[in-house]
**Student:** 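This is the structure I have questions about; it appears just below.
Start at 1 and go down the list; that is how both ligands and their atoms are numbered.
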Amino acid sequence: MRFEVNHLESYDDEALIDELRRVAALLGKPKLTLKEFSENAKVHGSTLQKRFGGWRGALRAAGLSDRADQSNVRKTKSETLSAMKQIAEKLGKESITLREFEAHSGMTGGPVCRIFGSWGAALSAAGLQQSALGKRYSDEECYENMLSVWTHYGRPPQHDEMNEPPSLVGSMAYVRRWGTWRKALEAFVERVNSREEEINPDSRPQEAGKQQPKEQSKDKRGPRDIPLSLRYFVLKRDEFRCVVCGESPGITRGVVLRVDHTHPWSKGGATVAENLRTTCQACNLGKGVSPA
Ligand SMILES: [Zn+2]
């Protein structure tokens, strides 16, 4: 009779997922391991493992991905990253290939790519170049990326933060270019405080493919694109927060701040600090006019 209680009425996917959710709610713990589940469920966890391609897959199917124990993944991640950095140093290279990684680390590349999403993402997390032939970032691209990370944290970013989203340029690129991370920060601060481009908008370095018609920069409104130093000035003035709702990426995950024209540029608003403000995406979209 006891065994009857320990059976499910059905073993289809839905029933298994229901059982998983029931046990998760019953235990109410932040993590749910295969062992804990099996001890409390009417079906052994291995059945779910087989059905859903692993324990993690079962949790995902039940919408319980956050209950997966990430400690193994974290360990593999940190081991992989330190191995990658060591190999790059040993080979004296700014980037390493998956083949080099496998040859020198004795680890296999497949799981590594799976954990990070791709080899490129693993390189980025290790602060290495995406490829040996690699993209060489211009100073302006480095500064732009620095500003986006600075805005994200509302303060000067730390070295390691350059190797995580939202950064697109790894810390190594900065250190290679400016010598040390501190010097890279100093170069950025000097750049954004120069504000030379406001006096003479034409001095703004042109980005490839984004060249503007001459008459536009002679416009009394100033350029439509807000120069880097002016964007930094406005963000800092507004304390890296949305001036409408007060949100910031530091408070709420996923908030993205941007600097836009209060009186739209398309309607004659000038690109000057007094007509610029920091808003989050939600408030910016809510203002009912196309972003200037
Ligand atoms: Zn807002």
**Student:** Under 2.8 Å from the Zn ion (ligand 1), protein N/O/S atom count?
**Tutor:** 4
**Student:** Decide, yes or no, whether a salt bridge links Lys29 with Glu36 under the criterion of side-chain N to carboxylate O below 4.0 Å.
**Tutor:**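 Salt bridge between Lys29 and Glu36, a charged N being under 4.0 Å from a carboxylate O: yes.
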**Student:** Classify the ring geometry of Trp55 against Phe37: parallel below 30°, tilted from 30° to 60°, perpendicular beyond 60°.
**Tutor:**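 Judged by the thresholds at 30° and 60°, the geometry between Trp55 and Phe37 is tilted.
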**Student:** Salt bridge or not between Lys35 and Glu39? Use side-chain N to carboxylate O under 4.0 Å.
**Tutor:** yes
**Student:** Check for me whether the distance between the ring centres of Tyr143 and Trp178 falls short of 6.0 Å.
**Tutor:**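 Centroid separation for Tyr143 and Trp178: below 6.0 Å.
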**Student:** Quick one, Tyr153 and Phe240 - any side-chain contact, counting heavy atoms below 4.5 Å?
**Tutor:**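 No, their side chains stay 4.5 Å or more apart.
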**Student:** So, are Glu186 and Lys183 salt-bridged, with charged N and O less than 4.0 Å apart?
**Tutor:** no
